[in-house]
Q: 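For reference, the structure I am asking about is given below.
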Amino acid sequence: MIDAKLLRNSAGEVAKNLARRNFTFDADAYLVLEEQRKAVQVAVESLRAERNASAKSIGKAKAQGEDVEPLLAAVKDLGDRLEGAENKLQLVQAELIDIELGLPNLLHDDVPDGCDETENREVLKWGDLPEFDFEPLDHVDLGSGLAMLDFEAASRISGSRFSVLRGPLARLQRALIQFMLDTHTSEHGYEEVYVPYLVQSDALVGTGQLPKFEADLFKTTDDPPFFLIPTAEVPVTNLARDSILDAGEMPMRYVAHTPCFRSEAGSYGRDTRGMIRQHQFEKVELVQFVDPATSDAALEELTGHAESILERLGLPYRKVILCCGDVGFGSHKTYDLEVWLPGQQAYREISSCSNYLDFQARRMRARWRNPDSGKPELLHTLNGSGVAAGRALIAILENYQQADGTVVVPEVLLPYMGGIEKLEPAAA
RNA sequence: GGAGAGGUGGCUGAGUGGUCGAAAGCGCUCCCCUGCUAAGGGAGUAAGGGUUAAAAGCCCUUCGAGGGUUCGAAUCCCUCCCUCUCCGCCA
């Protein structure tokens, strides 16, 4: 959420910033509502003050044995007036909150103009693209050639957009996850956490998926419903919900491995081949809670932690800064890391690292005690994939493939592979 | 799933209709005293919101959540959630 005070005082400026996203914020309509809110709230509060004062004097009079009948008569209609005003206030406030929860975050000045992902600006390229003296296969052909990637079995069980990994390939994904968690915990200063995969709607409102993007989520029929997490960002960021952190324990860095569940509504035609876009995938996620003064720097640092994973794996990638039209709803500024996939001859997103400023913190009341003011203030949240394990697996298959259809295991994963140095078909 | 107990401020914990945002203790902050340390004395110490350009001041809200009764609710009634103990079941 954007600070309501900022909306009131600088609605025009906010509208201008959001217009860069091609989002229309009707500042005038908002301000009209806001005027109503102010009038009604002042009325409600003064009525309440009146009620409190008379209740108090009735109490006093009674204690002194005086006749309270005239006092009671005097406040007779106060309750009705108050109730009417309170109902009105509730309506106006609900309307305002609806608007506020639907506003995307303000954009950082660094964010370039542009409508969609084609206009994201490349920041850097790392690694040499692999050169093959044969026609490189994509992960689907490689995986099925090895008999380790089985979409048919998956679709019998669950339908489309699922996969079954077998044997060494399943182990390779586990190795990747282990490697990433170990690297982030032992070298980048993150605390590993294990979190729920089913969350309640409040958690999703906190991180910004709700109320706007319910269609992207899987929802249970319980009452109240559970939602399957679309990313570990949701439960991990909500660790700070309704709390006040000490300055001394900041920045807080958390890393979690979780499966992620996305309905992929609205992307029916996209990436239907292979395991690029699945309803369920594994991801290692980085989350930070930081002093607002340091969040810009923290984004660079966090992105660097994700980059370091790709570098250690020897996977060529490029880093882009997302343009106005492609930045996520709640993000102030986002870097995507895109890994090179020889099978597609394209860079594909494997990590997305964002600074949310206080956008999520405001929604979930995540604060820290600023030693300068001594007061609780909203903290800043950041998160980024460090990295998506499913897509990393694809990248390894495609980048480390050999002419004979086998796949060499990247060196940093060998300690996790129990002696397997190469994925090759099981001996007949 | 069954039975019972309970949810109050950073923590422990008192408070069964009015002057209670809430005793007391602990913790924390500041001051005083004490030649270190220990002990002692005093003051302060919740969060959110409104009003304001901002602040001060003033006001409103919050005692698990939501409803209700009442002039007035931490306190009474209803519903729900959570925690603990015992039983059942289970990994």
Side-chain angles (χ1 to χ4, degrees), chain A residues 1-14 27 30-31 33-97 99-101 194-203 205-206 220 222-227 235 238-250 252 358 360-379:
Chain A
M1 253 181 343
I2 297 174
D3 184 6
K5 273 194 175 141
L6 187 68
L7 290 176
R8 283 174 215 165
N9 296 334
S10 318
E13 292 299 305
V14 170
Y30 181 83
L31 290 176
L33 260 183
E34 169 53 26
E35 280 304 313
Q36 280 180 37
R37 187 231 96 223
K38 185 190 288 193
V40 180
Q41 183 164 353
V42 167
V44 164
E45 290 187 357
S46 68
L47 282 170
R48 283 208 274 240
E50 200 181 319
R51 180 202 59 196
N52 292 347
S54 42
K56 212 168 252 188
S57 59
I58 290 172
K60 245 175 223 165
K62 225 174 186 177
Q64 293 169 4
E66 294 169 17
D67 179 20
V68 297
E69 279 308 318
L71 288 169
L72 287 179
V75 296
K76 207 169 154 227
D77 68 326
L78 215 150
D80 292 338
R81 280 193 289 153
L82 181 56
E83 200 183 328
E86 278 175 335
N87 290 340
K88 177 114 190 266
L89 180 61
Q90 212 172 6
L91 288 177
V92 176
Q93 267 173 339
E95 245 181 290
L96 282 168
I97 286 172
I99 295 175
E100 288 161 13
L101 285 176
Y194 170 80
V195 292
Y197 302 161
L198 291 169
V199 299
Q200 307 242 336
S201 61
D202 279 357
V205 171
T220 73
D222 298 76
D223 182 28
F226 287 107
F227 292 87
N238 274 280
L239 287 174
R241 159 179 292 271
D242 282 315
S243 55
I244 303 173
L245 304 182
D246 287 333
E249 53 188 353
M250 309 248 287
M252 298 203 90
D358 58 13
Q360 295 178 321
R362 181 168 294 105
R363 287 169 166 245
M364 59 189 180
R365 296 165 302 280
R367 293 159 297 165
W368 71 304
R369 197 170 291 277
N370 185 340
D372 292 336
S373 65
K375 293 286 180 193
E377 295 173 11
L378 294 172
L379 48 76

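Note that the structure is a prediction, hence the values are computed from the model and not measured.
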Q: Counting only Watson-Crick or G-U wobble pairs whose two distances fall under 3.5 Å, which nucleotide matches G4(B)?
A: C84(B)
Q: How long is the line joining NZ of Lys38(A) and C1' of C60(B), in whole Å?
A: 16 Å
Q: Using whole Å, report how far CG of Asn52(A) lies from P of G18(B).
A: 15 Å
Q: Can you identify which nucleotide, out of U19(B), A47(B), A54(B), has its nearest atom closest to the Lys56(A) side chain?
A: U19(B)
Q: Strictly by Watson-Crick or wobble contacts shorter than 3.5 Å, is anything paired with G57(B), and which nucleotide is it?
A: U51(B)
Q: Counting only Watson-Crick pairs (N1-N3 plus N6-O4 or O6-N4) and G-U wobbles (N1-O2, O6-N3), all under 3.5 Å, who is the partner of C28(B)?
A: G44(B)
Q: Please state whether the base of G49(B) and the side chain of Gln41(A) form at least one donor-acceptor pair under 3.5 Å?
A: no
Q: Nearest to the side chain of Ile58(A), which nucleotide is it out of C71(B), A47(B), U61(B)?
A: C71(B)
Q: Are any side-chain N or O atoms of Ser10(A) and backbone N or O atoms of Leu7(A), one a donor and one an acceptor, separated by less than 3.5 Å?
A: no
Q: Name the pairing partner of C36(B), where a pair is Watson-Crick or G-U wobble with both distances under 3.5 Å, or state none.
A: none
Q: Taking CG from Leu72(A) and P from G17(B), how many angstroms apart are they, rounded to a whole number?
A: 19 Å
Q: Grab the CG-P distance between Leu71(A) and G18(B) for me, whole Å please.
A: 18 Å
Q: Can you tell me whether the side chain of Lys62(A) and the base of G18(B) have a donor-acceptor pair closer than 3.5 Å?
A: yes
Q: Using whole Å, report how far CD of Glu45(A) lies from P of U52(B).
A: 12 Å
Q: Given G50(B), A47(B), C71(B), which nucleotide is nearest the side-chain atoms of Arg367(A)?
A: A47(B)
Q: I want to verify a distance call: between C71(B), C60(B), U19(B), whose nearest atom is closest to the Arg48(A) side chain?
A: C60(B)
Q: Are any of the side-chain nitrogens in Glu45(A) or Arg48(A) under 4.0 Å away from the carboxylate oxygens of its partner?
A: no
Q: When the distance from CG of Leu96(A) to P of G50(B) is rounded to whole Å, what number comes out?
A: 11 Å
Q: Out of A54(B), G18(B), A47(B), which nucleotide sits closest to the side chain of Ile244(A)?
A: A47(B)
